[in-house]
There are 2 protein chains.
Amino acid sequence: MLTVTSVNVNGIRAAAKKGFSPWLAGSDADVVCLQEVRAEEEQIPLEVRKPEGWHTVFAPAAAKGRAGVALYTRREPERVQVGFGSAEFDASGRYLEADLPGVTVASLYLPSGEAGTEKQDEKYRFMEAFLPYLVGLKERAAADGREVVVCGDWNICHREADLKNWRTNRKSAGFLPEEREWLGRVYAEAGYVDVVRALHPDTEGPYSWWSYRGRAFDNDAGWRIDLQVATPGLADRAVKAWVERAETHPERWSDHAPVTVVYGLGAV
Amino acid sequence: MLTVTSVNVNGIRAAAKKGFSPWLAGSDADVVCLQEVRAEEEQIPLEVRKPEGWHTVFAPAAAKGRAGVALYTRREPERVQVGFGSAEFDASGRYLEADLPGVTVASLYLPSGEAGTEKQDEKYRFMEAFLPYLVGLKERAAADGREVVVCGDWNICHREADLKNWRTNRKSAGFLPEEREWLGRVYAEAGYVDVVRALHPDTEGPYSWWSYRGRAFDNDAGWRIDLQVATPGLADRAVKAWVERAETHPERWSDHAPVTVVYGLGAV
DNA sequence: CCTTCCAAG
DNA sequence: CTTGTAAGG
């Protein structure tokens, strides 16, 4: 069994003050992918930076207090890679990849964008550079007999079932037609699988992010933007997937909730 | 009797969340002078901006979130004046004056300075402009049969007894020779009286400010920089003066403590 | 160390 | 609404 959890921590230092460590201690995951760490390694409290029993690797952004991804693994990775070969994005704390026996796991934090602004252009540039990388990653992995899962905050909802207020958000970043189409190409062209949706084809959500504004969380006005996007060989072995909403995760140490998938693989 | 309290609130919005209103409700003062309000009037919660039974007047700084002084009076002032006729400082939220029957009360927030920097030059420019104003204020008040008290955060200690660590602070802003000498001129040349010191000539302190850093408050490593500086006719009528340190003011909703003087005057 | 600001989300 | 940063104190 390989259990993988992905969560956008919205500032690991803030999360550390609100219960990240007890949550991690209670986690059964073999791999935890973090996004929006928003800190350099030295700024992170030691018990969070190097918790007992975990190997941790961080890819902070060059800009202080921004983005930043990390991977926590129970076994030491065979190989670690920061970025995906993009001059613009490799120092932006948005992509970190590690090889474990038979599987490559990545932590991705795709830019959130803002419709009609330069931020949205940046998001599109990231998407444009990242899709070919995903294609090549899958090809190299196949040649190597490996599987791949790219976990993280993709900041895009593919379908209406992926966000509660899809009608009012058709012109919002995260649910723009161009973004939805691009995510469709990750599945149809690059051949990856949205694992949680594959296991829960007929549910609304499960959402993984609720804005701190208004009563979004209480009203479950959420978005399913935190995904595990895997090669079909791995996705086919997914046996269970869930999002830790309030019931199981009442501390709410982030505006995102952890997304966990159990894959029927030998332990890595 | 006229009871006057002066306190640097270090952000009235923060103070409001930590107990300013109950403190004010329990105050016997007729006049409360505030410094470092750090807000525009509209940003202040209504119960703090216009508390039942008080007239309030604010002099915010042009720069958002900086400085700002206020006067709370039980009777409506006969006249209010923002600034002291200085092009450089009148919009800096550092001086506010009000006439009550027979007495002029001012709230002053003198720049804190920083030794060897432009901030210190600004402090000296303020001091240079303010001393002649104090002289004129006293003369006009005398011609008018009025008394004067200038309350506030003067950001200067006059004597060694005014700060616990005077030895280590001889090169620190607030206890520089030039600053001490200037405050001496407020007393000796302009003819004002440091009311709390006059009533407590032989005590260390009483301090009114303790840095939030380290254990300054617990160690009582304080500075007596919050003063009531009055004309002799008023100072002579001071019957009681105290600083509300932890015992009487345990909430600590500011890094400064309120300084109160009771003057033996008819109620204003 | 604390309180504002601002940019970002 | 919350996280960081930075300046100011």
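The chains referred to below are lettered A, B, ... by the order of the sequence lines, with proteins before strands, and numbering in each begins at 1.
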query: With the sugar-phosphate defined as primed atoms, P, OP1 and OP2, and the base as all remaining atoms, what B/S/- string results for nucleotides 3-9 of chain C, 5' to 3', for protein heavy atoms under 4.0 Å?
result: BSS--SB
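For the side-chain hydrogen bond (donor to acceptor under 3.5 Å, both in side chains) test, no residue two or more places apart in sequence or in another chain qualifies with B:Arg94. With sequence neighbours excluded, the residues forming a ring pair (Phe, Tyr, Trp, His ring centres under 6.0 Å) with B:Tyr133 are B:Phe84, B:Tyr95, listed by chain and number.
Spacing between atom CZ of A:Arg215 and atom P of D:dT2 amounts to 11 Å, rounded to whole angstrom units. Across the protein-nucleic acid pair, A:Ile44 atom CD1 and D:dT3 atom P stand 16 Å apart, rounded to whole Å.
Contact check on A:Arg49 versus A:Glu40 returns no salt bridge, with no Lys/Arg side-chain nitrogen under 4.0 Å from an Asp/Glu carboxylate oxygen.
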message: What verdict does the side chain to side chain donor-acceptor pair (under 3.5 Å) test give for A:Glu122 and A:Thr117, after you've listed the backbone C-alpha separation in whole Å, the side-chain angles of each residue and the deciding distance to 0.1 Å?
response: CA-CA 9 Å; A:Glu122 185 194 331; A:Thr117 72; over 6 Å; no
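Between A:Phe20 and A:Tyr72, the angle of the ring planes goes over 60°, which puts this pair in the perpendicular group of the 30/60° scheme.
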